[in-house]
Each structure stands twice: as structure tokens, then as C-alpha cells.
Amino acid sequence: MKFYMPVKVYDEQECVALHGEELASLGRKALIVTGKKSAQRSGALNDVCTVLMMYGTPWYVFSGVEENPSVETVRKAASAGLAEGCDFVIGIGGGSPMDAAKAAAFLMKQEDPQTADLYDASMSSEAVPVAAVPTTCGTGSEVTGVSVLTLHEKRTKKSIPHKIFPTIALIDGKYLNGAHQTMITNTSVDALAHMMESYLSKKADAYSKAIAIEGLKIWSPCKEVLDGTRKADDADFSVLMRASTFAGMAIAQTGTSIPHALSYIVTYEDRIVHGKACGLFLARFVKEAAPEDRDPILEAAGFSDIDAFVTWIDKVFADTDVSPETLQRAYSTVVKDEVRMNGSRVPMDADALKRVVGIQ
Ligand code: NAP
Ligand code: FE
């Protein structure tokens, strides 16, 4: 068995301020990579800039990373970082800016960075140091080496082959305060998918399973927040962030599975956000698992049985439509992907995949 999780995790209130010196001393000048507005609105950007200023580390902000970031955006971020003389990267935001930050850190290590380097598996995966400050509660990107980018030429999304783990992750639930309920629900279902897909992976072992099960137990009491039964409070925000980080640690060991593979096409074609796109297939995927495989995860997440889980997901995503053409394309792409089809303990053939996708 192998367990590799090289990220120093600080998960506590005001952690940016508490560990500012460590953050500011990752290099001489920081490239801060953010999305459009939430890094500012959540207060995370201000917290980071305050400590950088306090410890005398200059920075340059590359803002405006789009959802599901493209390779072109990453290249621009890296070029800006190099032009500004930055030697480390701080990703602030959801999975999109954090993934873009990691990929940019890889390009910034190259002498003459090219977009094609991102997917060149023969190159060394060295990168300049990265710090991650999540403001969503879904991807766990702050503790994974994964960077998922959009490839417009292939009309889909794909992880780069390089594993770029952040050096430190600064996790504070307060950055979720003020976020829209829909974003919290969608991203928390992404975390749920990570834990369930990881647990059901053929690569799962005693370490990754323990993390997935513990993360599901942490996540469980927040179900009522996610389905709108009760309003979130500060304690819920911390819990949801922690569950997301546990989920990231689990997929860092095993990778994801069929729901994520299907989601990439659905997100690309029908612009359905990542967590929701995974959630649409999750319950039907878990339903295909043998009872001895699925019961521990359903129990840990607080669902009495598989039907209760299917009902809950249907309630949460009641209003979602995916076009039949997109579902067909998702099916035809994934059914040919032998690694995905054989990667989990869930028995998967063409008929089972059709049931998961919900087509005849
Ligand atoms: P996201 O794409 O980073 O952000 C979604 C939206 O939420 C954006 O509009 C963003 O606004 C907003 N937002 C972020 N934080 C907010 C806050 N605190 N309050 C209000 N709005 C906020 O969403 P995500 O689901 O976290 O990330 C999805 C991406 O991560 C996908 O590309 C997915 O493939 C990838 N992913 C990566 C991993 C991994 O291991 N690396 C795992 C799963 C998924 P702004 O633009 O203004 O910031
Ligand atoms: Fe995900």
C-alpha cells in the first residue's frame, strides 16, 4: 500500500492570518491566481494580501480564471507570472483557479513554456511552489496533485498527467459565508462523489477507504443544508470545507470514476456545473455496486438504503435537464474508455453504463 499526501494542511478559523509568515516565505514574489469576483468578495484575497504585505512579499494578481479553466488561460497566467518575476503561486477560489494555479506553477518551471507541455507526460513534473486557499467546498484541489483543464479542440476536459501538489493548504470555512446556496450544494455533491467514487475504486485500500468513510461521516449532518431543509451556519461551513478536503485526500490516492468521466462531456456540451454534472450520475452508479460495497458508504453518509440516496439526489437536482445528444455522447465516449470502465469494483459493461447514464 502507498499513501502519499505531501500537503501541509491548516484547517482552522483565520488560518491565513495565523500562518501568514509560512505563506509569505514560499518565495520572493507571489503570482496570485483567482476566479472572477469571489476571491475578493469572500475576503480571502484581502486576507492573503494583508499577510504578504505584513511579511514584505510582493505579489501580482492574475484574476478572471473562468469556470473549467482552459489550457489557454493557464498559459496566460504562467506568462504573466514569469513576466512579473514571480517564483511561487497562490491559488484562491474554487477548483477552477486552484487547478489553474497548479498548472501555471508547472509551466513557470519550464525555460520556454508551451501550452503543449501541459499534456506532455514525458516531461518532469517539477513546478514552482503552490499554496491553495479554497473558497468552495467541493474539489479538494488544495490536497490533490490534479489539475483538470478544458481542451476546446477535443470538446472536453482532461486532467494533466503531471501531479502538482500544493505545499500548503489554508482552509477556512468563513470563505463560504455569503456564498449562494446553489454553489454550496453543487460543490458539496462533488465532494460526496469524490468520497463514493474513491471508496468504490479498485485502487482503494485501507488508508483511502478510512479517509473516504470518515469524510462521509463528517459530510452527513449537512445533508439538510444541501437539500434546503435548514439554513447553513458557520459550523456547517467549516464542516463542509473539511469534508471536501477529506474527499480530496481520498481521490488523491485512487482517482475518480464513471460519474466524473461522464460529467466532463456534460459540463462541456450543456454547461452544467461540475458538482451537479457528477451528481446526476452518482446515485445510479452507486446502485450498480454490490451491497457489501455500497452499504458502508451509504451508512457513513447517513442514507438508510440506496433508494433513500436516489430520492435525495433527485430532490436536490430536480430541475436539471441534459440533452439526449449529450447523454449519448457521454455514453459513447466513456464506454470506449477501458481504464474507466474497469477502474472500479462496480461491475460495468455497456448495459450497466446505459443504466447509469439513464438511456436505453
Ligand atoms: P469553480 O469553477 O472554481 O467556481 C464556480 C463558481 O463559484 C464561480 O462562479 C466562482 O466565482 C464561484 N465561487 C467560488 N467561491 C465562491 C464563494 N466563496 N462565494 C461565492 N461564489 C464563489 O467551482 P468548483 O466546483 O470549486 O471547481 C470546479 C473545477 O474543479 C472544475 O474544473 C473541475 O473539473 C475541477 N476539479 C478539480 C479537482 C482536483 O482534484 N483538482 C477535483 C474535482 C474537480 P468566481 O469566478 O468569481 O471565483
Ligand atoms: Fe470533482
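Both ligands and their constituent atoms are indexed starting at 1 by order of listing.
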heavy-atom search around atom 19 (N) of ligand 1 in the protein gives Ala179 CB, 3.3 Å
Is NZ or CZ of Arg294 both nearer than 6.0 Å to the six-membered ring centre of Phe285 and within 45° of the ring axis? no
Element-labelled atoms of ligand 1 that are located less than 4.0 Å from some non-hydrogen atom of Lys36: 45 (P), 46 (O), 47 (O), 48 (O)
Closest to the Fe ion (ligand 2), which N/O/S atom of Asp190 is it? OD1
Given Thr256, Leu149, Thr139, Asp99, which has its nearest heavy atom closest to atom 42 (C) of ligand 1? Thr139
Enumerated ligand 1 atoms positioned under 4.0 Å from heavy atoms of Lys157: 31 (C), 32 (O), 33 (C), 34 (O)
For Lys223 and Ser220, which I'm curious about, is there any donor-acceptor pair between the side chains at under 3.5 Å? yes
Could you identify the N, O or S atom of His194 positioned closest to the Fe ion (ligand 2)? NE2
Before we go on, tell me: are the rings of Phe165 and Tyr4 under 6.0 Å apart, centre to centre? yes
Backbone or side-chain N or O of Glu67 under 3.5 Å from ligand 1 N or O: yes
Can an N or O of Gly95 be found at a distance shorter than 3.5 Å from an N or O of ligand 1? yes
Examine Lys157 relative to Tyr264 and say whether NZ or CZ is less than 6.0 Å from the centre of the six-membered ring and inside a 45° cone about the ring axis. no
Which of the listed options, Asn68, Leu176, Thr150, holds the heavy atom that is closest to atom 32 (O) of ligand 1? Asn68
Hey, looking at atom 17 (C) of ligand 1, which of Met98, Met183, His180 has the closest heavy atom? Met183
Find, among atoms of His260 that are N, O or S, the one nearest to the Fe ion (ligand 2), and state its name. NE2
For atom 40 (O) of ligand 1, the option (of Thr136, Thr144, Val148, Ile184) bearing the nearest heavy atom: Thr144
Near His194 (heavy-atom distance under 4.0 Å), the atoms of ligand 1 are 42 (C), 43 (C)
Please could you name the atoms of ligand 1 that Thr187 approaches to less than 4.0 Å, counting only its heavy atoms? 25 (O)
What is the nearest protein non-hydrogen atom to atom 13 (N) of ligand 1, stated with its residue, atom name and distance? Ser38 OG, 3.4 Å
For Thr135, take its heavy atoms, then give the atoms of ligand 1 lying under 4.0 Å from any of them. 14 (C), 15 (N), 16 (C), 17 (C), 18 (N)
Within the distance-only criterion (no hydrogens, no angle test), does the side chain of Ser188 pair as donor or acceptor with the backbone N or O of Thr185 below 3.5 angstrom? no
Could you tell me if Lys287 sits above the aromatic ring of Phe309, with its cationic atom closer than 6.0 Å to the ring centre and no more than 45 degrees from the axis? no
Would you mind telling me if ligand 1 is within reach of the side chain of Val146, the backbone, both or neither, using heavy atoms under 4.0 Å? both
Of the non-hydrogen atoms in Ala80 and Tyr60, which two are nearest, and what is the gap between them? CB-CE2, 3.8 Å
Considering only non-hydrogen protein atoms, determine which one is nearest to atom 1 (P) of ligand 1 and report residue, atom name and distance to 0.1 Å. Ser96 OG, 3.5 Å
For Tyr268 and His152, test the side chains for any donor-to-acceptor distance below 3.5 angstrom and give the result as yes or no. yes
Side chain to side chain donor-acceptor pair (under 3.5 Å) between Glu72 and Thr115, intermediate numbers included: CA-CA 7 Å; Glu72 291 80 10; Thr115 311; over 6 Å; no
Asp236 vs Arg230, salt bridge (charged side-chain N to carboxylate O under 4.0 Å, His left out): CA-CA, chis, key distance, verdict: CA-CA 11 Å; Asp236 292 313; Arg230 96 182 147 77; 3.0 Å; yes
With side chain to side chain donor-acceptor pair (under 3.5 Å) as the criterion, how do Ser198 and Thr254 come out once you've worked through the C-alpha distance, each side chain's angles and the decisive distance to 0.1 Å? CA-CA 6 Å; Ser198 172; Thr254 61; 2.9 Å; yes
Near Gly35 (heavy-atom distance under 4.0 Å), the atoms of ligand 1 are 46 (O), 48 (O)
Where ligand 1 meets Pro97 - atom numbers and elements under 4.0 angstrom, heavy-atom basis: 3 (O)
Whether His19 and Tyr10 hold their rings parallel, tilted or perpendicular, with breakpoints at 30° and 60°: parallel
How close does the nearest protein non-hydrogen atom get to atom 44 (C) of ligand 1, and which residue and atom is it? His274 NE2, 3.2 Å
Within ligand 1, which atoms have a heavy atom of Lys37 less than 4.0 Å away? 45 (P), 47 (O)
In the structure I gave you, are the side-chain heavy atoms of Gln110 and Glu126 within less than 4.5 Å of one another anywhere? no
Would a 4.5 Å heavy-atom cut-off, applied to side chains only, mark His260 and His274 as touching? yes
How does Asp190 reach ligand 1, if at all, at less than 4.0 Å between non-hydrogen atoms: by side chain, backbone, both, or neither? side chain
